Protein chains: 2
Amino acid sequence: MGVPLYQRKSEFFRTLGHPARIRILELLSERDHAVHELLAVLPIEASNLSQQLAVLRRAALVVSDRRDGQVVYSVSVPEVRHLLTTARAILSGLVADEDDDDQDLVAASN
Amino acid sequence: MGVPLYQRKSEFFRTLGHPARIRILELLSERDHAVHELLAVLPIEASNLSQQLAVLRRAALVVSDRRDGQVVYSVSVPEVRHLLTTARAILSGLVADEDDDDQDLVAASN
DNA sequence: AGCGGAGTTGCAAACATCTTCAAGTGATGT
DNA sequence: ACATCACTTGAAGATGTTTGCAACTCCGCT
C-alpha cells in the first residue's frame with residue numbers, strides 16, 4: 001500500500017479544483033474537442049490551456065489523440081460527468097438528489 | 001448573476017482537495033463528532049484542525065453546534081458522501097458505477 | 001478569583017499552484 | 001527549404017494554501 005486512499009482522493013478533487021479544468025471537462029463530456037476548439041471557447045492563453053490539459057492528462061481523466069494534424073482530447077472517465085452534476089445539485093442548494101443526469105450539461109452549467 | 005457556476009464548482013472541489021478535510025468528512029458522515037474526538041483520530045495539531053473545520057464551515061458542508069461544553073460538528077450536505085464514494089470508485093479503477101453506498105465508508109476508505 | 005480543558009484566531013514561514021513569456025516540436029502547405 | 005498553424009514545455013514571478021506557534025476566548029470546576 002503506497003499513498004493512502006484519502007490522500008489520493010484529495011489529489012483527485014484538487015485536479016477538479018480549477019475553473020478552466022471544470023469547463024474543459026464539461027465541454028469534453030459533451031463531445032471530443034481538438035485543442036484549438038477549446039481555445040476558441042475558453043478565455044485563456046494557448047500555453048495555459050496546454051498546462052491545464054496536462055494536469056487532466058496526468059490525473060488520467062482525459063486522453064489525447066493526434067489525428068489529422070490536430071490533437072483531440074476526450075474524457076476517459078465518464079463518471080466525472082456524474083461528479084459535475086452532483087456538484088451542481090449541491091451548489092444549487094436544493095440538492096434534489098439523483099440523476100437528472102442526461103440533460104445538456106454545458107447549457108445547464110454556465 | 002454573480003460568480004459563474006463553473007467557478008463555484010471549482011471552489012467547491014478545492015474545499016474537498018485536502019487529505020485532512022476528506023478524512024473529517026468521512027468521519028462526520030459516519031456520525032457527529034466533537035472536535036477533540038476528531039483530534040484523537042487525526043494526526044494534526046488542534047489549530048490546524050480548527051482551520052480545516054473553518055474551511056468546511058465556510059463552504060457550508062458542515063455545521064458546528066456547541067453542546068455540553070464541547071463543539072460538535074455534523075455534515076450539512078449528505079450528498080457529499082455520494083461524492084466520496086464516487087471518487088473512491090473512480091480511483092479504484094474499476095469504476096463499477098452506482099451505489100454500493102450504504103457500506104461502512106470509513107472502513108472502506110483507509 | 002484562579003485553573004485547566006476545549007476550541008478558535010492571527011500571523012509568518014514553508015510550500016504549492018497559476019499564469020505568462022519565450023522557446024521548441026511536428027505536421028502541412030508552397 | 002521556409003513559413004505557418006497547432007500544440008507543448010520550461011521557467012519564473014505572482015498568488016494562494018498549509019502549518020505551527022503563540023495568544024486568546026469560553027466554559028465549568030474548586
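Here is how names work: the chains are called A, B, and so on, in the same order as the sequence lines, proteins then strands, and each is numbered from 1. As the structure is a prediction and not an experimental result, all values here were calculated from the model.
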(request) Find the distance B:I22:CD1 to D:dT18:P and express it as a whole number of Å. (result) 12 Å
(message) With heavy-atom distances below 4.5 Å as the criterion, would you say the side chains of B:Y6 and A:L84 are in contact?
(response) no
(request) Would you confirm whether A:H36, through its side chain, and A:A34, through its main-chain N or O, come within 3.5 Å as a donor-acceptor pair? (result) no
(request) Take atom CG of A:L42 and atom P of D:dC7, then tell me their distance rounded to the nearest Å. (result) 13 Å
(request) Would you please name every residue forming a side-chain contact (heavy atoms from CB on, under 4.5 Å) with B:D32, sequence neighbours left out? (result) B:R67, B:V72, B:S74
(message) In this structure, how many angstroms lie between the P atom of C:dA6 and the CG atom of B:D68, rounded?
(response) 12 Å
(message) Measure CD/A:E45 against C1'/D:dC7 and give the value in whole Å, please.
(response) 13 Å
(request) Could you check how far CD of A:Q52 sits from P of C:dT17, rounded to whole Å? (result) 12 Å
(request) Please report, rounded to the nearest Å, how far the C1' atom of C:dC18 is from the CZ atom of B:R14. (result) 11 Å
(request) Using a strict 4.0 Å threshold on nitrogen-to-oxygen distance, state whether A:E26 and A:R88 make a salt bridge. (result) no
(message) Could you tell me how far apart A:L56 (CG) and C:dC18 (P) are, to the nearest whole angstrom?
(response) 11 Å
Report all side-chain donor-acceptor pairs from residues 55-64 of chain A shorter than 3.5 Å, counting only partners two or more places apart or in another chain.
unit_1	atom_1	unit_2	atom_2	d
A:R57	NE	A:Y73	OH	3.2
A:R57	NH2	A:Y73	OH	3.4

(message) Could you check whether any side-chain N or O of A:H18 sits under 3.5 Å from a backbone N or O of A:L16, counting only pairs where one atom can act as donor and the other as acceptor?
(response) no
(message) Angle between the two end axes of the helix from C:dA1-D:dT30 to C:dT30-D:dA1, five base pairs per end, rounded to 10 degrees?
(response) 10°
Would you list the atom pairs, donor with acceptor, under 3.5 Å between side chains in residues 38-52 of chain A and any protein atom, with sequence neighbours excluded?
unit_1	atom_1	unit_2	atom_2	d
A:N48	OD1	A:Q52	NE2	2.9
A:Q52	OE1	A:R21	NH1	2.6

(message) Once side-chain hydrogen bond (donor to acceptor under 3.5 Å, both in side chains) is applied, do any residues pair with B:R66, and if so which ones, sequence neighbours excluded?
(response) none
(request) Starting from C1' on C:dT17, measure out to CZ on A:R58 and report it in whole angstrom. (result) 11 Å
(message) Parallel, tilted or perpendicular: which one describes the rings of B:F13 and A:F13, with boundaries at 30° and 60°?
(response) parallel
(request) Mark up nucleotides 7-12 of chain C, 5' to 3', with B wherever a protein heavy atom is under 4.0 angstrom from a base atom, S wherever such an atom reaches only the sugar-phosphate, and - elsewhere. (result) SBBBB-
(request) Scan A:R21 against the nucleic acid and name what it touches under 4.0 Å (heavy atoms): base, sugar-phosphate only, or nothing. (result) sugar-phosphate
(request) Give a yes/no on whether any side-chain N or O of B:H33 is located under 4.0 angstrom from OP1 or OP2 of C:dA6. (result) no
